[in-house]
Amino acid sequence: MDDMASGGGDSVGLDTDTVRRLREGMARGVLSFPLTSFRADGSLDPDGFRAHLAARLAAAPGAVFPACGTGEFFSLDEDEYRRVVRIAVEETAGRVPVVAGTGYGWAQALRFARIAEEEGADALLVLPHYLVAAPQDGLVAQLERIASGTRLPLVAYQRGQVAFTPDSLRRVAALPGVIGLKDGHSDLDRLQRLTLAAPEGFLFFNGAATAEIQARAYAAVGVPAYSSAVHAFAPEIAGAFFAALTADDRGTTDKLLRDFYVPFVELRDRVPGYSVSLVKAAARLRGAPVGPVRAPLTDPAAADLAELRTLLTAGLDLVGAAL
């Protein structure tokens, strides 16, 4: 698993404690992206988030990534972000790495980075910059500015308007503190070229919207570690899939894909933003105190909620669990 999670080439001295802990976690379980809890009036619910995160930790993830895309980073102000990261650090208590989200332009990203540093996060996931398309030199410069302003290791996230070439990835990986890349494009040709260009020890993560769908394909190009949105509401399903995938149990993985993951993705793809709001709705169906999504996202329609309940009940039944 270690070899598959790293690139080839020459080492650039990335054998830090955070890299080691992340690599060990990647081999042990899925990467958990907890939801951020809001009250009915839209205000932050710290107690709800703490309870939700504690339940995720009980399901033994490899690492937790608070205040990232699934955690609605884009809707948090700096005070709310601080509280979310602080709770994540307190609840994990060093058991698994805490990788907090940061993003927007580099100046704003550094404001969040400094908060994450102060609150004791282990690393940062650098979400795609805001709005504009940028040339490769600009993508590298963005990470360079962030890396130069924080002591925390960085994981770059390519998605949307961010897509690195092999040459740019070599430059990014040479920056002090940049330890890995999360991929959300699912362009396996490009990804294979990136893994071959990366230095030894550089970490890669499958960040597809519902990563289990493409987990075998990603593993085939050297990227077996993945984030699991399903872990946010059904860790029993996420854990069963990870165990079957690790054991190369194709019968179980195919059944879970056919009878749960593919229908879930088809439902998710109906409405923009369902990659977060449907996950949050599923967590609420199981009694998690996560509350609604914030604008510009919207909670699922009643008919979609009914379909989600039926699908979730069937999925849990596949792994011997109940709604």
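- A distance of 9.5 Å separates CZ in Phe242 from CZ in Arg28, rounded to the nearest 0.5 Å.
- A donor-acceptor pair is defined here as one N or O able to donate and one able to accept, closer than 3.5 Å; such a pair exists between the side chain of Ser37 and the backbone of Pro289.
- Asp317 CG to Leu312 CG: the interatomic distance, rounded to the nearest 0.5 Å, is 11.0 Å.
- Judged by distance alone, with hydrogens and angles left aside, the side-chain atoms of Ser75 form a donor-acceptor pair with the main-chain N or O of Glu72 at under 3.5 Å.
- Salt-bridge annotation for Asp187 and Arg193: absent, with no side-chain N of the basic residue lying under 4.0 Å from a carboxylate O of the acidic one.
- Taking the side chain as every heavy atom from C-beta outward, Arg20 and Thr18 never approach each other to under 4.5 Å.
- Contact check for Leu22 versus Ile179: side-chain heavy atoms found under the 4.5 Å cut-off.
- A centroid separation of less than 6.0 Å is found between the aromatic rings of Phe112 and Phe73.
- Between Asp79 and Arg83 there is no salt bridge, since no side-chain N of the basic residue sits under 4.0 Å from a carboxylate O of the acidic one.
- Here Lys182 contributes atom NZ and Leu125 contributes atom CG; the two are 5.5 Å apart, rounded to the nearest 0.5 Å.
- Across every non-hydrogen atom of Val85 and Ala116, the tightest pair is CG1-CA, 4.3 Å.
- Distance alone, capped at 3.5 Å, is enough to place a donor-acceptor pair between the Thr92 side chain and the Val89 backbone.
- Arg111 CZ: 12 or fewer foreign heavy atoms inside a 6.0 Å radius.
- Expressed to the nearest 0.5 Å, how far CG of Leu297 lies from CG of Leu278 amounts to 11.5 Å.
- In this structure, Asp299 does not pair ionically with Lys280, as no charged nitrogen and carboxylate oxygen lie closer than 4.0 Å.
- Annotation: side chain of Ile237 is not in contact with side chain of Leu318 (no heavy-atom distance under 4.5 Å).
- A donor-acceptor pair is defined here as one N or O able to donate and one able to accept, closer than 3.5 Å; no such pair exists between the side chain of Arg270 and the backbone of Asp304.
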Assess whether side-chain contact (heavy atoms from CB on, under 4.5 Å) is satisfied between Asp183 and Val223, documenting all intermediate values. CA-CA 10 Å; Asp183 175 70; Val223 185; over 6 Å; no
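- Without hydrogens or angle criteria, Thr210 side chain to Ile213 main chain gives no donor-acceptor distance under 3.5 Å.
- Expressed to the nearest 0.5 Å, how far CG of Leu152 lies from CZ of Arg114 amounts to 11.5 Å.
- Contact between Phe233 and Ala283 at its shortest, heavy atoms only, is CB-N, 3.5 Å.
- Tyr104 places no side-chain N or O within 3.5 Å of a backbone atom of Leu127 that could act as its donor or acceptor partner.
- In this structure, Asp122 contributes its side chain and Val98 its backbone to a donor-acceptor pair below 3.5 Å.
- Residue pairs meeting the ring pair (Phe, Tyr, Trp, His ring centres under 6.0 Å) criterion with at least one partner in residues 140-193, sequence neighbours excluded, are absent.
- Using a 30° and 60° split on the angle between ring planes, Phe241 and Tyr226 fall in the perpendicular class, above 60°.
- In terms of heavy atoms, Leu245 sits closest to Thr253 at N-CG2, 3.6 Å.
- Partners of Tyr274 by ring pair (Phe, Tyr, Trp, His ring centres under 6.0 Å), not counting sequence neighbours: none found.
- In this structure, Ala134 and Leu139 approach most closely via the heavy-atom pair CB-CD2, 4.0 Å.
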Working for side-chain contact (heavy atoms from CB on, under 4.5 Å), residues Val230 and Phe260: CA-CA 11 Å; Val230 172; Phe260 174 75; 4.0 Å; yes
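- For the pair Gln136 and Ala163, the tightest heavy-atom approach, listed with the atom from each and the gap, is NE2-O, 2.8 Å.
- In this structure, Arg250 and Arg216 have side chains that are in contact, with non-hydrogen atoms separated by less than 4.5 Å.
- Contact detail for Ala281 and Leu305: the closest heavy-atom pair is CB-CD2, 3.5 Å.
- Residues Met26 and Pro224 are not in side-chain contact: their nearest non-hydrogen atoms beyond the backbone lie 4.5 Å or more apart.
- A search for side-chain hydrogen bond (donor to acceptor under 3.5 Å, both in side chains) contacts involving Ser277 returns nothing, not counting sequence neighbours.
- The closest side-chain heavy-atom distance from Val132 to Gln161 is not below 4.5 Å.
- Proximity of Val271 to Pro300: side-chain heavy atoms (C-beta onward) are nowhere separated by under 4.5 Å.
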If you apply the rule side chain to side chain donor-acceptor pair (under 3.5 Å), what do you find for Gln192 with Thr195, and how did you get there? CA-CA 5 Å; Gln192 181 71 90; Thr195 62; 3.0 Å; yes
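- Separation of the Phe65 and Phe33 ring centroids falls under the 6.0 Å cut-off.
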Given the rule in the side-chain contact (heavy atoms from CB on, under 4.5 Å) test, do Ile115 and Glu117 qualify, once you have shown the distances and angles that lead to the verdict? CA-CA 5 Å; Ile115 293 170; Glu117 275 189 37; over 6 Å; no
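- The backbone N or O of Ala211 lies less than 3.5 Å from a partner atom in the side chain of Asn206, making a donor-acceptor pair.
- Between the side chain of Arg145 and the backbone N or O of Gly105, no donor-acceptor pair lies under 3.5 Å.
- Considering CG of Leu169 and CG of Leu194, their distance stands at 5.0 Å, rounded to 0.5 Å.
- Phe204 and Phe202 have perpendicular rings, their planes meeting at more than 60° on a 0 to 90° scale where under 30° would count as parallel.
- Take Arg294 and apply the salt bridge (charged side-chain N to carboxylate O under 4.0 Å, His left out) test, not counting sequence neighbours, and it matches Glu80.
- A 4.5 Å side-chain heavy-atom check between Phe205 and Ser227 finds every atom pair outside the cut-off.
- Contacts of Arg39 classified as salt bridge (charged side-chain N to carboxylate O under 4.0 Å, His left out), with partners at least two apart in sequence or in another chain: none.
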Salt bridge (Lys or Arg N to Asp or Glu O under 4.0 Å) for Arg82 and Glu118? Distances and angles first, verdict last. CA-CA 9 Å; Arg82 181 182 296 277; Glu118 291 166 3; 2.9 Å; yes
Would you please test Asp41 and Ser43 for side chain to side chain donor-acceptor pair (under 3.5 Å) and show each step? CA-CA 6 Å; Asp41 64 1; Ser43 62; 2.7 Å; yes
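- Here salt bridge (Lys or Arg N to Asp or Glu O under 4.0 Å) pairs that include residues 86-109, with residues two or more places apart or in two chains, are Arg50-Glu90, Arg50-Glu91, Arg86-Glu119.
- Under the 3.5 Å distance criterion, the side-chain polar atoms of Arg56 are matched with a main-chain donor or acceptor of His52.
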